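Read the structure below first, then the notes.
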Amino acid sequence: MKITKGMPGYIQNQKKKRILTTVLLFGISFAIFLAGYLTTHTRNNLLTIVAILGCLPAARSAVGMIMLLPYRSLEAEKVTEVEQVAAGTLSAYDMVLTSSEKVMPVEALLISRNLICGYASRTKVPLKETEQYIVRILKENHYDKVTVKIFPDYSSFLKRAESMGEKRQKSETQPDRAAEEMRCLILTAAV
């Protein structure tokens with residue numbers, strides 16, 4: 001099964017892919033340089049230029065890889081627990097939101113029409129800034145009346161998730177189209 005953005009395990013999957021891609025691209029550039037050097041016995045040849053230009057996409061891939069290295073996916077046990085208590089609530093996992101000023105990791109988000117509840121264990125970035133960033137994304141896309149709350153404590157997040165799950169079970173069975181659109185907008189801002 002292909003792991004896409006917003007699914008549990010996305011960060012771990014992307015780390016593996018980006019490391020492999022980076023190594024492969026640098027390896028190709030090195031092989032081209034080596035082929036030129038071994039055939040002409042000098043580095044002053046056309047294949048050296050090709051190898052140098054090949055380092056540009058390799059470096060771009062390395063930047064993406066380095067950016068994801070400090071972050072981890074939410075543990076499978078916690079994902080299962082959240083899915084059980086918030087049954088039927090739209091969710092997104094393993095996100096690294098990026099604005100022009102900051103990088104904001106969020107392990108889990110539960111999304112309903114008027115409330116977004118999240119869990120972020122890393123507190124290097126103030127949670128208020130993360131909340132304001134998500135609100136700003138939604139306001140720019142005409143979702144004005146949405147409350148966003150990010151919890152640094154897993155037990156507090158789980159209590160809120162449980163109340164969202166209970167509310168969800170009482171009201172309706174299918175996820176709201178607006179909630180799905182909000183999820184897509186938030187995932188667009190994530191790496």
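Values in this document were obtained by computation on a predicted structure and should not be read as measured data.
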Taking [X] for the side chain and [Y] for the main chain, is one N or O donor matched with an acceptor at less than 3.5 Å?
{"X": "Glu162", "Y": "Val85", "answer": "no"}
{"X": "Tyr119", "Y": "Ser155", "answer": "no"}
{"X": "Thr48", "Y": "Asn44", "answer": "no"}
{"X": "Asp94", "Y": "Gly9", "answer": "yes"}
{"X": "Lys15", "Y": "Tyr71", "answer": "yes"}
{"X": "Arg183", "Y": "Ser91", "answer": "yes"}

Side chain to side chain contact (heavy atoms under 4.5 Å, CB included), paired with Glu180, selected from Ile111, Leu90, Leu185: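 Running side chain to side chain contact (heavy atoms under 4.5 Å, CB included) over Ile111, Leu90, Leu185 with Glu180 returns exactly one hit, Leu90.
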[X] and [Y]: which non-hydrogen atoms are nearest, and at how many Å?
{"X": "Leu187", "Y": "Ala92", "answer": "CD2-CB, 4.2 Å"}
{"X": "Ala189", "Y": "Ile137", "answer": "CB-CD1, 3.5 Å"}
{"X": "Ser29", "Y": "Cys55", "answer": "OG-N, 3.5 Å"}
{"X": "Arg72", "Y": "Gln12", "answer": "CA-OE1, 3.8 Å"}
{"X": "Thr22", "Y": "Ser61", "answer": "OG1-OG, 2.7 Å"}
{"X": "Ser112", "Y": "Ala179", "answer": "C-CB, 4.2 Å"}

Exceeds 12 heavy-atom contacts within 6.0 angstrom, atom OH of Tyr37: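 No.
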Return the [atom1] to [atom2] distance between [X] and [Y], rounded to the nearest 0.5 Å.
{"X": "Ile3", "Y": "Asn13", "atom1": "CD1", "atom2": "CG", "answer": "4.5 Å"}
{"X": "Glu75", "Y": "Thr80", "atom1": "CD", "atom2": "OG1", "answer": "11.0 Å"}
{"X": "Glu181", "Y": "Leu138", "atom1": "CD", "atom2": "CG", "answer": "11.0 Å"}
{"X": "Met182", "Y": "Ile116", "atom1": "CE", "atom2": "CD1", "answer": "5.0 Å"}
{"X": "Lys17", "Y": "Leu68", "atom1": "NZ", "atom2": "CG", "answer": "12.0 Å"}
{"X": "Arg113", "Y": "Asp176", "atom1": "CZ", "atom2": "CG", "answer": "4.5 Å"}

Can you hop from [X] to [Y] via hydrophobic side chains spaced under 4.5 Å?
{"X": "Met67", "Y": "Ile11", "result": "yes"}
{"X": "Met104", "Y": "Val135", "result": "yes"}
{"X": "Leu158", "Y": "Met164", "result": "yes"}

Ile150 and Ile134: CA distance, side-chain angles, deciding distance, side chain to side chain contact (heavy atoms under 4.5 Å, CB included) verdict: CA-CA 10 Å; Ile150 307 289; Ile134 293 172; 4.2 Å; yes
Short side-chain donor-acceptor distance under 3.5 Å, Glu83 and Tyr93: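 Tyr93 vs Glu83: donor-acceptor pair found between side chains.
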Short side-chain donor-acceptor distance under 3.5 Å, Tyr154 and Glu107: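 No pair is found: no donor N or O on one side chain lies under 3.5 Å from an acceptor on the other.
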